[in-house]
Amino acid sequence: MTGVYAIVIALSVVIFLLGILVIGLLRSHADILRRLEGIGAGLQGSDHGHESRITLTRREARPAPGRQVTGITPDGEPVVMALGIGSDPTLVAFLS
């Protein structure tokens with residue numbers, strides 16, 4: 001019987017730790033959504049009966065002082081974002 005109790009306790013600890021991990025991930029995602037809302041990239045759109053506050057325009061990549069982050073859009077097009085003094089505020093989120 002002590003083996004069964006040990007397994008139950010071990011599984012309870014694992015479930016507790018996974019719960020803490022999920023809560024941490026939910027808090028980080030909520031923070032990202034709050035920051036996106038703060039810069040005007042929230043969920044206002046035709047789905048909710050509101051007009052969006054932001055417009056998306058394609059700009060050519062320009063060199064700026066500081067660092068640059070390169071990547072590709074979901075459509076497969078290359079993108080270069082300048083980070084540093086004098087560049088637009090940028091929120092970079094890596095989600096999997």
Legend entry - Note: Arg35-Asp31 ion pair, threshold 4.0 Å (strictly below): yes
Legend entry - Nearest-0.5 Å distance that lies between atom OG1 in Thr2 and atom CD1 in Ile9: 10.0 Å
Legend entry - Between CD1 on residue Ile20 and CZ on residue Phe16, distance to nearest 0.5 Å: 3.5 Å
Legend entry - Spatial distance of atom CG (Leu21) from atom CG (Leu26) [nearest 0.5 Å]: 9.5 Å
Inset, instruction - Nearest 0.5 Å please: distance from the CZ atom of Arg27 over to the CZ atom of Arg34. - result: 8.5 Å
